[in-house]
Undergrad: 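Sharing a structure with you now.
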Amino acid sequence: MPQQEGHEAHRVFEQPTDAISFYSDFAQVLGTGNEVLLQFYETIPGSPGPEGRVEMVRTRLRATVMVLPKQATTIGKLLLKAEQGE
C-alpha cells in the first residue's frame, strides 16, 4: 500500500466496567417489514439425568437488536462475505 501523508492515529476500543458481555450460542432473525430483529440466546444445560446424560436444556433470551431492513441487508452481506473468506 502506498504511504499516505497525514497524521497517524491509534484506535483503542474500551469496554466500560459496567458493560455487560455474554456469549450467545443461538440466534434468530425475525422480520416485520419495517424492522429486522436479531435475537441472541444463551443455552444453559440442566443437570445430568440418572444415566449421566443432559436431558433438558434451557435457552434464555439475552439481547434483542432492532435494525432497519437496509441495515440488516448490510449485516447479511458482511456475514456472507466473511463466510466466503473475503
Side-chain angles (χ1 to χ4, degrees):
M1 238 179 171
Q3 186 81 10
Q4 294 182 357
E5 292 186 31
H7 298 285
E8 184 176 321
H10 298 279
R11 184 180 304 262
V12 177
F13 292 93
E14 294 183 358
Q15 181 168 327
T17 55
D18 60 343
I20 298 171
S21 296
F22 65 90
Y23 172 76
S24 174
D25 59 351
F26 180 78
Q28 68 180 2
V29 180
L30 307 164
T32 66
N34 296 319
E35 60 194 11
V36 176
L37 292 101
L38 308 169
Q39 294 187 313
F40 299 94
Y41 293 82
E42 168 188 44
T43 301
I44 304 159
S47 299
E51 297 179 9
R53 293 187 325 215
V54 173
E55 297 175 0
M56 187 198 79
V57 175
R58 174 176 282 129
T59 302
R60 180 183 304 160
L61 177 63
R62 294 301 306 246
T64 298
V65 179
M66 292 182 282
V67 296
L68 295 172
K70 183 176 180 180
Q71 295 165 325
T73 300
T74 301
I75 293 169
K77 287 178 182 177
L78 288 171
L79 290 171
L80 288 172
K81 193 174 184 180
E83 182 182 345
Q84 296 168 359
E86 295 181 22

Undergrad: To the nearest 0.5 Å, what is the distance between CD on Glu55 and CZ on Arg53?
TA: 6.0 Å
Undergrad: Let me confirm one number: the CG-OG1 distance from Asp25 to Thr43, rounded to the nearest 0.5 Å.
TA: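 One gets 3.5 Å once the value is rounded to the nearest 0.5 Å.
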Undergrad: Using only atom types and a distance under 3.5 Å, with no angle test, would you say the side chain of Thr59 pairs donor to acceptor with the backbone of Glu42?
TA: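 Between the backbone of Glu42 and the side chain of Thr59 there is no qualifying donor-acceptor contact (under 3.5 Å).
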Undergrad: Is it the case that more than 12 heavy atoms not belonging to Gln15 sit under 6.0 Å from its CD atom?
TA: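 For Gln15, atom CD is crowded (more than 12 foreign heavy atoms under 6.0 Å).
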Undergrad: Taking the side chain as every heavy atom from C-beta outward, state whether Thr32 and Leu37 have any atom pair closer than 4.5 Å.
TA: yes
Undergrad: Would you verify whether the NZ or CZ of Arg62 falls within 45 degrees of the ring axis of Phe22 while also being under 6.0 Å from that six-membered ring's centre?
TA: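 Checked: cation-pi criterion met.
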Undergrad: Which heavy-atom pair separates Phe40 from Val65 by the least distance, and what is that distance?
TA: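 Between these two residues, the closest heavy atoms are CE1-CG2, 4.2 Å.
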Undergrad: Using 0.5 Å steps for rounding, measure from the CG atom of Leu68 to the CD atom of Glu35.
TA: 8.5 Å
Undergrad: Is it the case that the side chain of Gln84 and the backbone of Lys81 share a donor-acceptor pair, with hydrogens and angles ignored and the cut-off at 3.5 Å?
TA: no
Undergrad: Rounded to the nearest 0.5 Å, what separates atom NZ in Lys70 from atom CD1 in Ile75?
TA: 13.0 Å
Undergrad: Looking at CZ of Arg60 and OG of Ser24, how far apart are the two atoms once the value is rounded to the nearest 0.5 Å?
TA: 12.5 Å
Undergrad: Please report the closest heavy-atom contact between Pro69 and Gly33, naming both atoms and the distance.
TA: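 Minimum heavy-atom separation between Pro69 and Gly33: CG-O, 4.0 Å.
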Undergrad: Do Met66 and Val36 touch side chain to side chain, with heavy atoms closer than 4.5 Å?
TA: no
Undergrad: Tyr41 vs Gln28, test: side chain to side chain contact (heavy atoms under 4.5 Å, CB included). Steps then yes/no.
TA: CA-CA 8 Å; Tyr41 293 82; Gln28 68 180 2; 3.1 Å; yes
Undergrad: Applying side chain to side chain contact (heavy atoms under 4.5 Å, CB included) to Thr74 and Val67, what does each step give before you reach the verdict?
TA: CA-CA 11 Å; Thr74 301; Val67 296; over 6 Å; no
Undergrad: Could you go step by step and tell me if Val12 and Glu14 meet the side chain to side chain contact (heavy atoms under 4.5 Å, CB included) rule?
TA: CA-CA 6 Å; Val12 177; Glu14 294 183 358; 4.1 Å; yes
